[in-house]
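Step one of this worksheet: look at the structure below.
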Amino acid sequence: MAKATKKQALGRGLSALLKDPENDIQSASDKNADKVVGNIVELDLTSIEVNPFQPRSYFNDEALSELATSIKELGVIQPITVRKLDFNKYQLVSGERRFRASKLIDLQTIPAYIRIANDQESLEMALVENIQRQDLDPIEIALSYQRLIDEIELTQEKLSDRVGKKRSTIANYLRLLKLDPIIQTGIRDGFLTMGHGRTLVNISKTKDQIALYEKIVSENLSVRETEKAVKEYHESSKPETTKPTSVATKTPDYVTKGATNLSTHLNVKVDIKTTSENKGKITIPYASKEDFKRIKKIILGE
C-alpha cells in the first residue's frame with residue numbers, strides 16, 4: 001500500500017511541474033523532459049482532448065458503465081497514453097474507454113503516460129496499440145490495418161513486421177472489408193464470426209451475400225455449414241453444359257422410296273438413317289439364324 005501511495009504522490013508532483021509555465025516541455029530535449037516522458041503523471045481530465053485519429057468508433061454503453069464501476073472501486077489500473085499539444089494541453093493516444101469511464105464517474109484526474117510525437121506518429125501509435133487489444137472485433141482490426149496501409153503508407157509486409165502478425169493473417173482481415181456493410185455490422189455485433197465472414201467473401205454478388213447472411217443468422221449455421229452453403233451456391237451458379245444437338249437432316253425421297261422397296265423385297269422392316277452430304281446407314285434386322293440365311297440369299301442372289 002505504501003508503494004502505491006508513493007507512486008501517486010510522484011504523479012501529482014509531476015503534474016504540478018507540468019502546470020508551471022516555466023517548465024513547459026515541448027520536446028524530449030527540454031529541461032525536466034526526462035522526468036515526465038515515460039513516467040506516470042496525474043493529469044486533469046479537462047486538459048485532455050479525444051484523439052481525432054482514434055480508430056475505434058463504437059463504444060458499448062453497458063461495458064463502459066461496468067468499467068466505470070470498476071474504476072470507482074479500484075481506480076484506473078492501467079494508465080492512458082497521451083501526447084503533449086501545448087501548455088497543459090494533451091491529446092489521447094490510447095485508453096479512450098478508460099478516459100470516458102473516468103468522466104462518467106466525475107473523476108478529476110487520471111494517470112497517464114506522456115509522449116511527445118507528431119500527428120503521424122500519434123496515429124501509428126494509436127492504431128498499433130489499438131490492434132493489440134483483446135476486445136476488438138474483426139472489423140475494427142481490419143479497419144485499423146487498412147488505415148495503417150493507407151495513412152502511414154505501410155505495405156502488408158511492413159505492417160506484418162510492425163504488428164507481429166503473419167501477412168496471410170492481415171490479408172484475411174482486410175478481405176472482410178469487401179463484405180457488404182450490413183454483414184460487417186453483423187460481425188461487429190457478434191451475429192457472425194470472422195470464419196463466417198471469410199466464407200461469405202467468396203460470394204461476389206451483394207444480394208446473394210446478404211441472403212446467405214440472413215440464412216446464417218436465422219438458422220444459426222456453423223462455419224462448416226456456411227462453407228457447404230457457399231459451395232452449393234457456386235455449383236448452382238455454374239451454367240449447365242448441354243450436349244450439342246445434331247441438326248435434323250431431311251431424308252431424300254429416293255432414300256424413302258428405296259427403303260420401302262427394300263423392305264418389300266426382303267420382307268423385313270429396313271431402317272435407313274441419313275446424315276449430311278448424302279451419307280447414311282442401312283439397318284436390316286433378322287429374327288433368327290434361318291431368317292438371316294434367307295435375307296442373305298435374297299441379297300446375294302444365291
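With values rounded to the nearest 0.5 angstrom, Asp180 atom CG is found 5.5 Å from Thr206 atom OG1. If you take CE on Met194 and CZ on Arg175, they are separated by 9.5 Å, rounding to the nearest 0.5 Å. Here the CG-CG distance, from Leu192 to Leu179, works out to 8.5 Å after rounding to the nearest 0.5 Å. From Leu92, atom CG reaches atom CD of Glu49 across 8.5 Å, with rounding to the nearest 0.5 Å. The CG atom of Leu159 sits 4.0 Å away from atom CD1 of Ile170, with the distance rounded to the nearest 0.5 Å. Interatomic distance, Leu200 CG to Glu227 CD, rounded to the nearest 0.5 Å: 10.5 Å.
With a 4.5 Å cut-off on side-chain heavy atoms, Gln184 and Leu176 do not count as touching. Counting heavy atoms from C-beta outward, Glu157 and Asp161 have side chains that stay 4.5 Å or more apart. Taking the side chain as every heavy atom from C-beta outward, Val93 and Val82 never approach each other to under 4.5 Å. Side-chain contact check for Phe99 versus Val50: some heavy-atom pair is nearer than 4.5 Å. At least one side-chain heavy atom of Leu174 sits under 4.5 Å from a side-chain heavy atom of Ile149. The closest side-chain heavy-atom distance from Gln108 to Asp44 is not below 4.5 Å. Inter-residue side-chain proximity for Ile182 and Tyr213 is flagged as met; some heavy-atom pair is nearer than 4.5 Å. The closest side-chain heavy-atom distance from Ile40 to Tyr113 is below 4.5 Å.
Between the side chain of Thr185 and the backbone N or O of Pro181 there is at least one donor-acceptor pair closer than 3.5 Å. Listed for the Ser70 side chain is no donor-acceptor partner under 3.5 Å among the backbone atoms of Glu66. At distances below 3.5 Å, at least one donor-acceptor pair connects side-chain atoms of Ser160 with backbone N or O atoms of Lys165.
By the neighbour-count criterion of 12 heavy atoms within 6.0 Å, atom CD of Glu62 is sparsely surrounded, having that number or fewer from other residues, nucleotides or ligands. In this structure, Arg198 places its CZ atom where only 12 or fewer heavy-atom neighbours from other residues, nucleotides or ligands lie under 6.0 Å away.
The two residues Gln209 and Ile183 have their closest heavy-atom pair at OE1-CD1, 3.5 Å. In this structure, Val76 and Arg98 approach most closely via the heavy-atom pair CG1-CD, 4.3 Å. Closest of all the heavy-atom pairs between Val163 and Tyr145 is CG2-CE2, 4.0 Å. Listed here is the closest heavy atom pair of Val223 and His196: N-NE2, 3.5 Å. Counting all heavy atoms, side chain and backbone alike, Thr199 lies closest to Gly195 at OG1-O, 2.9 Å. Contact detail for Ile110 and Ser102: the closest heavy-atom pair is CD1-OG, 3.6 Å.
Both Tyr90 and Leu45 belong to a single network of hydrophobic side chains, linked directly or stepwise wherever heavy atoms of I, L, V, M, F, W or Y lie under 4.5 Å apart. When the side chains of ILVMFWY residues are joined at heavy-atom separations under 4.5 Å, either directly or via intervening members, Leu107 and Leu104 end up in two distinct hydrophobic clusters. Hydrophobic cluster membership is shared by Val201 and Ile139, with clusters built from Ile, Leu, Val, Met, Phe, Trp and Tyr side chains linked at under 4.5 angstrom.
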Checklist entry - Please walk me through it: do Leu43 and Ile80 pass side-chain contact (heavy atoms from CB on, under 4.5 Å)? => result CA-CA 10 Å; Leu43 294 181; Ile80 63 173; 5.9 Å; no
Checklist entry - What's the verdict on side-chain contact (heavy atoms from CB on, under 4.5 Å) for Tyr233 and Ile203, showing C-alpha distance, side-chain angles and the deciding distance? => result CA-CA 9 Å; Tyr233 165 81; Ile203 296 179; 3.9 Å; yes
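Between Arg188 and Glu140, at least one side-chain nitrogen of the basic residue sits less than 4.0 Å from a carboxylate oxygen of the acidic one, meeting the salt-bridge criterion.
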